[in-house]
Enquirer: 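Please read through the structure below; I'll follow up with questions.
Excluded from the calculations below are hydrogen atoms, water molecules and symmetry mates; all remaining heavy atoms, backbone and side chain alike, are included. Whatever order the structure lists them in is the order used to number ligands and atoms, beginning at 1.
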Amino acid sequence: MSGRCSGGIVLSLPRDYKGLEDRALELAGELSSIPSGERVLVVSHLDADGISSGSIIAAALIRAGASPHVRIVKQLDEGALKEVSQVKAKYIVFTDMGSGQRDLLKGFGSEDTKLFIVDHHQLPSVELAFPQKENSSAGRLFELNPHIFGFDGSSELSASGTAFLVAKKMSSENSSLAPLAVVGALGDMQDKGEQGSLIGLNASIAEEAQKRGQLTMKKGLKLYGFESRPLVKCLEYTLNPFLPGLSGDEGACFKFLKNIGIEPRKPDGSWRSISDLSPEELRTVTNGLIKYLISQGAQGRDAESVIGVVYTINSEGADSPLRDAREYASSINACGRLGRHGLGVALCLGDRAEALAELRELLSEYRRTISGYLRWLEGSKESIKIMRSVQAILAGNNIDDRMIGTIVSIAFSMKPFTRSKPILGLATSEGAVKISARGTQELVRRGLNLGAAVRDASERVGGAGGGHNIAAGGQIPVGKEDEFLSIVDAIVERMIGGVRL
Ligand code: C5P
Ligand code: C5P
């Protein structure tokens with residue numbers, strides 16, 4: 001049984017794996033029967049899981065003979081639908097979005113347009129209580145979402161995993177796409193099992209990939225490229241977990257190593273990497289890093305999460321930013337969030353020529369952008385609002401609305417934020433306020449459902465929103481920020497019982 005919470009009511013639904021598989025097969029049958037050469041529009045979200053799930057469906061369609069056209073959007077709203085409707089297609093697949101916007105999609109396209117939803121977001125609350133197993137694939141709309149079948153899409157299966165289930169039913173050759181399903185799940189931070197491992201259906205996909213020799217899972221320091229790169233670079237490049245004060249700053253990483261008594265260079269001046277360290281020195285690096293993170297405000301367990309399961313994609317080159325699956329996820333996140341969607345999709349579809357060189361440049365821009373926003377946040381305490389049950393960053397125009405979610409996730413490891421309340425980021429763009437909200441597993445365990453809270457509060461001030469219990473988003477009209485925050489604060493207080501510092 002899976003327990004979930006909608007607006008404070010805990011719901012339990014039986015898990016129905018057979019139902020999930022049958023629905024995947026139904027979608028696969030429809031997608032495989034699209035006439036060869038027919039244009040199919042794939043619309044997806046701009047984050048790592050969005051880009052990888054859209055790419056999984058696109059790769060499976062290409063293999064089946066269709067001509068997919070991928071469009072990456074910030075969110076699925078009327079504006080986005082208007083934009084994508086310029087691409088004439090009789091078949092449209094929405095990945096990593098759609099389940100929460102079904103009403104909007106009902107009138108989309110012409111009567112003979114076939115619509116597919118491959119999503120893992122929560123269903124609207126009425127459907128959470130009464131999931132439309134039989135009817136949701138009726139007529140011209142075909143939908144696969146683990147929530148319909150009692151699986152938790154926020155922790156057990158990403159959109160990429162959901163897309164992978166369909167792709168595998170389209171052709172067994174699509175098993176080659178399993179690493180992308182792992183990348184999507186890690187990008188959505190679904191590694192909430194013991195020692196940062198994937199759980200549920202995500203874990204099954206990873207295990208299968210390991211058996212096929214595509215993936216290696218090994219416990220170690222979760223620093224990007226730890227086995228191959230110079231130590232200084234591992235620290236500088238790692239974004240998940242984010243290392244405040246180190247990520248993106250080579251000089252600070254050099255000083256950190258020196259301070260803990262580790263010489264970053266060999267006597268001949270070249271950089272040292274893990275293979276140059278004695279076991280004692282490796283312990284010094286690990287303990288030094290944990291102590292450093294605690295000094296930066298992380299709690300013991302979070303600081304220790306720098307050690308965990310490392311997912312390595314065996315076919316990628318030793319120094320490639322795509323070899324460590326967490327770095328792969330950060331890489332395509334960077335593409336999505338810095339507006340280089342095409343590059344993200346190209347990488348997922350296997351382009352390793354110029355695309356890799358472009359990616360390396362983009363990643364350094366991404367690290368610089370994040371550091372810049374964090375510096376702004378550190379110097380703008382007046383933009384931080386600590387309320388009874390939530391904390392907020394009022395970023396205005398200072399943080400790009402595509403980056404606010406990333407900054408909110410990082411803020412949990414920064415002062416003055418606490419992990420005992422969700423954080424909401426508000427960024428203004430194009431005459432609206434973008435909301436990004438993030439919680440913790442502990443808060444979810446206590447009853448937090450951010451998707452329901454943000455959806456409810458946004459709608460009450462004339463906006464829209466939704467998402468997962470642990471991460472949600474939305475948009476509200478400019479000028480409604482305070483009212484929205486008061487409503488969210490009250491809803492969250494009801495859900496988690498009024499947490500105080
Ligand atoms: O649209 P989608 O489900 O793919 O996005 C979820 C978003 O929430 C991702 O950007 C993911 O990184 C973020 N997330 C987070 N912290 C969590 C869970 C998800 O930042 N604990
Ligand atoms: O945009 P952000 O990364 O903060 O979104 C967090 C989660 O909320 C994502 O899973 C996103 O797809 C979802 N979301 C939603 N409806 C919105 C905005 C975001 O379901 N209007």
Enquirer: Among all the protein's non-hydrogen atoms, which is closest to atom 18 (C) of ligand 2, and how far away is it?
Expert: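 Protein heavy atom with the smallest distance to atom 18 (C) of ligand 2: Gly473 C, 3.2 Å.
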Enquirer: Can you find a pair of side-chain heavy atoms, one from Asn469 and one from Met495, that are under 4.5 Å apart?
Expert: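 Side-chain contact under 4.5 Å: no.
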Enquirer: Give the residue and atom name of whichever protein heavy atom lies nearest to atom 8 (O) of ligand 1, and the separation in Å to one decimal.
Expert: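 The closest one turns out to be Ala471 CB, 3.3 Å.
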Enquirer: Provide, to 0.1 Å, the distance between atom 20 (O) of ligand 1 and the closest protein heavy atom, together with that atom's residue and name.
Expert: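 Minimum-distance protein heavy atom for atom 20 (O) of ligand 1 reads Ser409 OG, 2.6 Å.
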Enquirer: Which residue is it: Ile384, Ile410, Asn398? I am looking for the one with a side-chain contact (heavy atoms from CB on, under 4.5 Å) to Leu377.
Expert: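 Running side-chain contact (heavy atoms from CB on, under 4.5 Å) over Ile384, Ile410, Asn398 with Leu377 returns exactly one hit, Ile384.
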Enquirer: List every atom of ligand 1 that sits less than 4.0 Å from any heavy atom of Lys192, numbering the atoms from 1 in the order shown and giving each element.
Expert: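 Result: 21 (N).
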Enquirer: Quick one: look up the protein heavy atom nearest atom 21 (N) of ligand 2 and list residue, atom name and how far away it is.
Expert: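 Ranked first by proximity to atom 21 (N) of ligand 2 is Gln475 NE2, 3.5 Å.
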Enquirer: What protein heavy atom sits nearest atom 4 (O) of ligand 2, and how far off is it?
Expert: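 Minimum-distance protein heavy atom for atom 4 (O) of ligand 2 reads Ser436 OG, 2.4 Å.
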Enquirer: Using a strict cut-off of 4.0 Å, indicate which atoms of ligand 1 neighbour a heavy atom of Ile470.
Expert: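 So the atoms of ligand 1 that pass are 18 (C), 21 (N).
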Enquirer: Compare all side-chain heavy atoms of Ile393 with those of Ile423 and state whether any distance is below 4.5 angstrom.
Expert: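 Side chain of Ile393 against side chain of Ile423, heavy atoms only: contact under 4.5 Å found.
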Enquirer: Examine ligand 2 and decide if any of its atoms is less than 4.0 Å from a heavy atom belonging to Lys74.
Expert: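 Judged by the 4.0 Å heavy-atom criterion, Lys74 does not count as contacting ligand 2.
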Enquirer: Please tell me whether Ser160 and Asp49 have a donor and an acceptor in their side chains that are separated by less than 3.5 angstrom.
Expert: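 A pair is found: one side chain offers a donor N or O, the other an acceptor, under 3.5 Å apart.
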Enquirer: Taking N or O atoms only and a 3.5 Å limit, does Gly187 qualify as a polar contact for ligand 1?
Expert: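 The answer is yes, given that Gly187 and ligand 1 share an N or O pair closer than 3.5 Å.
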Enquirer: Please report the shortest heavy-atom distance between Val454 and Gly466, naming the atom on each side.
Expert: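 Looking at all heavy atoms of both residues, the closest pair is CG1-N, 4.5 Å.
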Enquirer: Distance to 0.1 Å, residue and atom name: give those for the protein heavy atom nearest to atom 12 (O) of ligand 2.
Expert: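 The closest heavy atom on the protein side is His121 NE2, 2.9 Å.
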Enquirer: Return the closest protein heavy atom for atom 10 (O) of ligand 1 as residue, atom name and distance.
Expert: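 Answer, as residue, atom name and distance: Asp47 OD2, 3.1 Å.
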Enquirer: May I ask you to list the atoms of ligand 1 that are less than 4.0 angstrom from any heavy atom of Asp49?
Expert: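 So the answer, numbered in order with elements, is 4 (O).
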Enquirer: As an exercise, state the distance from CD1 of Ile404 to CD1 of Ile435, rounded to the nearest 0.5 Å.
Expert: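 So the CD1 of Ile404 and the CD1 of Ile435 are separated by 9.5 Å.
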Enquirer: Say whether, by atom type as modelled, one donor and one acceptor occur between the side chain of Glu483 and the main chain of Arg460 under 3.5 angstrom.
Expert: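 Flag not set: sc Glu483 to bb Arg460 has no pair under 3.5 Å.
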Enquirer: Say whether Gln441 and ligand 1 are in contact under the criterion: heavy-atom distance to a ligand atom below 4.0 Å.
Expert: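 No, Gln441 has no heavy atoms under 4.0 Å from ligand 1.
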Enquirer: For atom 16 (N) of ligand 2, what's the nearest protein heavy atom and its distance?
Expert: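 Answer for atom 16 (N) of ligand 2: Gly466 N, 3.6 Å.
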Enquirer: Working to the nearest 0.5 angstrom, can you tell me the gap between Glu143 CD and Arg102 CZ?
Expert: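 Glu143 CD to Arg102 CZ: 4.0 Å, rounded to 0.5 Å.
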Enquirer: Considering only the protein, which heavy-atom contact is closest to atom 6 (C) of ligand 1, and what is its distance?
Expert: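 For this ligand atom, the closest protein heavy atom is Asp188 OD1, 3.3 Å.
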Enquirer: With atoms numbered from 1 as shown, which atoms in ligand 1 lie under 4.0 angstrom from a non-hydrogen atom of His45?
Expert: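 That gives atoms 1 (O) of ligand 1.
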Enquirer: How close do Ser389 and Asp489 get, heavy atom to heavy atom, and via which atoms?
Expert: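 So the minimum-distance heavy-atom pair works out to N-OD1, 2.7 Å.
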Enquirer: Which residue holds the protein heavy atom closest to atom 17 (C) of ligand 1, what is that atom called, and what is the gap in Å?
Expert: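 Result: Met189 CB, 3.8 Å.
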Enquirer: Centre-to-centre under 6.0 Å for His147 and His120, is that the case here?
Expert: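 Ring centres of His120 and His147 not closer than 6.0 Å.
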Enquirer: Just jot down the ligand 1 atoms closer than 4.0 angstrom to any heavy atom of Asp96, in number order.
Expert: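 Matching atoms, with element in brackets: 1 (O), 2 (P), 3 (O), 4 (O).
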Enquirer: Specify the closest pair of heavy atoms between Ala457 and Ile491, including all atoms of both residues, with the distance to one decimal.
Expert: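 For Ala457 versus Ile491, the nearest heavy atoms are N-CD1, 4.1 Å.
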Enquirer: For Ser429, which of Asp401, Asn397, Asp400 qualifies under side chain to side chain donor-acceptor pair (under 3.5 Å)?
Expert: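 It is Asp401, the one option of Asp401, Asn397, Asp400 that forms the side chain to side chain donor-acceptor pair (under 3.5 Å) with Ser429.
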Enquirer: Are any of the heavy atoms in His120 under 4.0 Å away from ligand 1?
Expert: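 The answer is yes, since His120 has a heavy atom less than 4.0 Å from ligand 1.
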Enquirer: Between Phe417 and Phe412, does the ring centre distance come in under 6.0 Å?
Expert: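 No, ring centres 6.0 Å or more apart.
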Enquirer: Could you tell me which atoms of ligand 2, counted from 1 in the order shown, lie closer than 4.0 angstrom to a heavy atom of His468?
Expert: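 Result: 10 (O).
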Enquirer: Heavy atom of Ala472 under 4.0 Å from ligand 2?
Expert: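 Yes; Ala472 lies near enough to ligand 2 that a heavy-atom distance drops under 4.0 Å.
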Enquirer: I need the nearest protein heavy-atom contact for atom 3 (O) of ligand 2: residue, atom name and distance, please.
Expert: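 Here the closest protein heavy atom is Arg438 NH2, 3.0 Å.
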Enquirer: Only heavy atoms of Gly467, strictly under 4.0 Å: list the atoms of ligand 2 that pass.
Expert: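 Taking each heavy atom of Gly467 in turn, ligand 2 has 8 (O), 13 (C), 15 (C), 20 (O) under 4.0 Å.
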Enquirer: Below a 4.0 angstrom heavy-atom separation, can you tell me which part of Met97, side chain or backbone, both or neither, approaches ligand 1?
Expert: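 For Met97, there is no contact with ligand 1 at all, from either part.
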Enquirer: Could you list which atoms of ligand 1 come closer than 4.0 Å to a heavy atom of Arg337?
Expert: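 Those qualifying, in numeric order: 10 (O).
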Enquirer: If you define the side chain from C-beta out and look only at heavy atoms, does anything of Phe226 sit under 4.5 Å from Val310?
Expert: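 Phe226 vs Val310: side chains apart.
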Enquirer: Around atom 1 (O) of ligand 2, find the nearest protein heavy atom and jot down its residue, atom name and distance.
Expert: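 Sorting protein heavy atoms by distance from atom 1 (O) of ligand 2 puts Lys434 NZ, 2.7 Å first.
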Enquirer: For Gly465, take its heavy atoms, then give the atoms of ligand 2 lying under 4.0 Å from any of them.
Expert: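 Selected atoms, number and element: 16 (N), 21 (N).
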Enquirer: Could you tell me which non-hydrogen atom of Tyr224 sits nearest to which non-hydrogen atom of Tyr237, and how far apart they are?
Expert: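 Looking at all heavy atoms of both residues, the shortest contact is CD1-O, 3.1 Å.
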Enquirer: Working to the nearest 0.5 angstrom, can you tell me the gap between Asn333 CG and Leu186 CG?
Expert: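 Asn333 atom CG to Leu186 atom CG measures 12.0 Å (nearest 0.5 Å).
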